[in-house]
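Here is the structure we will look at, set down as structure tokens.
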Amino acid sequence: MKPSLHTPLSDAEIDAWIDGQVPPADQPALQERLNHDAQARERIAQGLALRDRLRALHRDALGEPVPTALLAAAQGAQAASARALRWQRWGGMAAGVVVAFGAGWMGRSHWPLPTEQQAATTANGLPGFARDAVLAHVVYSPEKRHPVEVGASEQEHLVQWLSRRTGKALKVPDLARQGYQLVGGRLLPGAAGARALFMFQNADGVRLTLYLGALAGPGAAPAGDDQPSREDTAFRFTQDGPVPAFYWVDQGFGYALSGPLSQRELMALATTVYQQL
């Protein structure tokens, strides 16, 4: 049904207007509705102001060359894809370790580390969601001046902004007891819409990134190709990339914690993150 002039603009329409993604043919009708929607006009004004501030903040970086880390990560991703294809053809096994847990484990205060009987390896290579998470870590964690879009000093705004864009009420895990403080976060694109990245750092300068977002619905790429299965709530560990990562799925959302740590250290942190979220 075609919306009337007094139909409030949806969140998707407001975001599209802010991002300049409204098709030219749809702009006149949307402008007419916008003229009758004061709340939408205010939200758009705030969004445009935020966009301009972010552009001004990153103006110095616009002319910088492509970061070496990004080039290396892209080359690594290509190599990983080639390896995965070879493994698929020859029946090899990828390096990701699957730590399956049942409903009984979810009620516990912690999960045991995988034993040889509990562990299995994935044959399909690293899913696209986890590859994106590792790539985002490699690209942004080395940055000195602009590692995040919104810093920890604006945590409330950061959480509200990313919650609105990802369509889920988000929460920043508290890793202070583990020695990590929030640096901030940023918005990233994903196969099923917006995704969020939170960055943490310890006193030694080691950085972790928590990458999350909705997984594609029906008609998306197969689980082993682009996405972890929506029904697969297992913890999976991978070293098939520039940095290790644990990733999992919960209620249609994918999560990945990446960082230059050992499997045991990273799983302890991932367990804490899961419990808090």
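Note: hydrogens, waters and symmetry copies are ignored here, and every other heavy atom, side chains too, is used.
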**Report entry** Presence of salt bridge, Arg164 and Asp11, under 4.0 angstrom
**Finding:** no
Requested in this report: Establish, from distance only, whether the side-chain atoms of Ser163 and Gln160 form a donor-acceptor pair under 3.5 Å.
Outcome: no
Query raised in the report: Does the side chain of Thr209 come under 3.5 Å of the side chain of His137 through a donor N or O and an acceptor N or O?
Result: yes
Report task. Go through the steps to decide whether Tyr180 and Gln201 satisfy the test side-chain contact (heavy atoms from CB on, under 4.5 Å), and finish with yes or no. Result -> CA-CA 5 Å; Tyr180 289 86; Gln201 179 173 307; 5.5 Å; no
**Report entry** Ionic contact status for Arg165 with Asp19, cut-off 4.0 Å
**Finding:** yes
Query raised in the report: So, do Trp17 and Leu34 sit near enough that their side-chain heavy atoms are less than 4.5 Å apart?
Result: yes
Query raised in the report: How far does CD of Glu154 sit from CD of Glu149, to the nearest 0.5 angstrom?
Result: 11.5 Å
**Report entry** Least distance between heavy atoms, Ala256 atom then Tyr247 atom
**Finding:** CB-CB, 3.8 Å
Query - Under 3.5 Å: donor-acceptor pair, side chain of Gln27, backbone of Val22 - result: yes
Query - Close side-chain approach of Val134 to Pro242, heavy-atom, < 4.5 Å - result: yes
**Report entry** Heavy-atom pair with the smallest gap, counting every atom of Val172 and Val159
**Finding:** CG2-CG2, 3.5 Å
Query raised in the report: Are Leu257 and Val206 grouped together when hydrophobic residues (ILVMFWY) are joined by side-chain heavy atoms under 4.5 angstrom apart?
Result: yes
Report summary line: Here the gap from Phe198 atom CZ to Leu158 atom CG, rounded to the nearest 0.5 Å, amounts to 5.0 Å
Query raised in the report: Taking C-beta and beyond as the side chain, do Pro244 and Leu261 meet within less than 4.5 Å on heavy atoms?
Result: no
Query raised in the report: Any link between Trp161 and Leu277 through a network of hydrophobic side chains (Ile, Leu, Val, Met, Phe, Trp, Tyr) touching at under 4.5 Å?
Result: yes
Query - Sub-4.5 Å side-chain heavy-atom contact between Gln276 and Thr272 - result: yes
Report task. Measure the spacing between NE2 of His6 and CD of Glu32 and express it to the nearest 0.5 Å. Result -> 10.5 Å
Query raised in the report: Do the side chain of Asn202 and the main chain of Asp204 share a donor and acceptor less than 3.5 angstrom apart?
Result: yes
Report task. May I ask you to test the Leu269-Met267 pair for a side-chain heavy-atom distance under 4.5 Å? Result -> no
Report task. Calculate, to the nearest 0.5 Å, the distance between atoms CD1 and CZ belonging to Ile18 and Arg43 respectively. Result -> 7.5 Å
Query raised in the report: Which heavy-atom pair separates Leu188 from Ala136 by the least distance, and what is that distance?
Result: CD1-CB, 3.8 Å
Requested in this report: Could you tell me whether the side chain of Gln178 reaches within less than 4.5 Å of the side chain of Phe200, counting heavy atoms only?
Outcome: no
Query raised in the report: Which pair of heavy atoms, one from Glu143 and one from Arg207, lies closest together, and at what distance?
Result: O-NH1, 2.7 Å
**Report entry** Side chains of Leu197 and Leu210 in contact at under 4.5 Å (non-hydrogen atoms)
**Finding:** no
Query raised in the report: Between Phe246 and Arg236, is there a cation-pi geometry (under 6.0 Å to ring centre, at most 45° from the normal)?
Result: no
Report task. Show the numbers, then the answer: is there a side-chain contact (heavy atoms from CB on, under 4.5 Å) between Leu170 and Lys168? Result -> CA-CA 6 Å; Leu170 303 182; Lys168 182 180 179 67; 4.2 Å; yes
Query - Trp248 side chain reached by Val273 side chain, heavy atoms, under 4.5 Å - result: yes
Query raised in the report: Under 4.5 Å between side-chain heavy atoms, hopping through other hydrophobics if needed: is there a path connecting Leu30 to Leu48?
Result: yes
Query raised in the report: Where does the angle between the aromatic ring planes of Phe253 and Tyr255 fall among parallel (under 30°), tilted (30 to 60°) and perpendicular (over 60°)?
Result: tilted
Report task. Verify, without hydrogens or angle tests, whether Gln155 (side chain) and Gly184 (backbone) share a donor-acceptor contact under 3.5 angstrom. Result -> no
Query raised in the report: What closest approach, in Å, do Ala196 and Leu162 show between heavy atoms, and which atom pair accounts for it?
Result: CB-CD1, 3.8 Å
Query - Intermediate values then yes/no, side-chain contact (heavy atoms from CB on, under 4.5 Å), Tyr140 and Val148 - result: CA-CA 7 Å; Tyr140 295 112; Val148 296; over 6 Å; no
Query - Backbone of Asn35 reached by a side-chain donor or acceptor of Arg41 within 3.5 Å - result: yes
Query raised in the report: Counting N and O atoms only, with roles assigned by atom type, does the side chain of Arg33 sit under 3.5 Å from a partner on the main chain of Thr7, one being a donor and the other an acceptor?
Result: yes
Report summary line: Residues Leu182 and Ala152: closest non-hydrogen pair is O-CB, 3.2 Å
Query raised in the report: Is a donor on one side and an acceptor on the other found under 3.5 Å between the side chain of Glu13 and the backbone of Ser10?
Result: yes
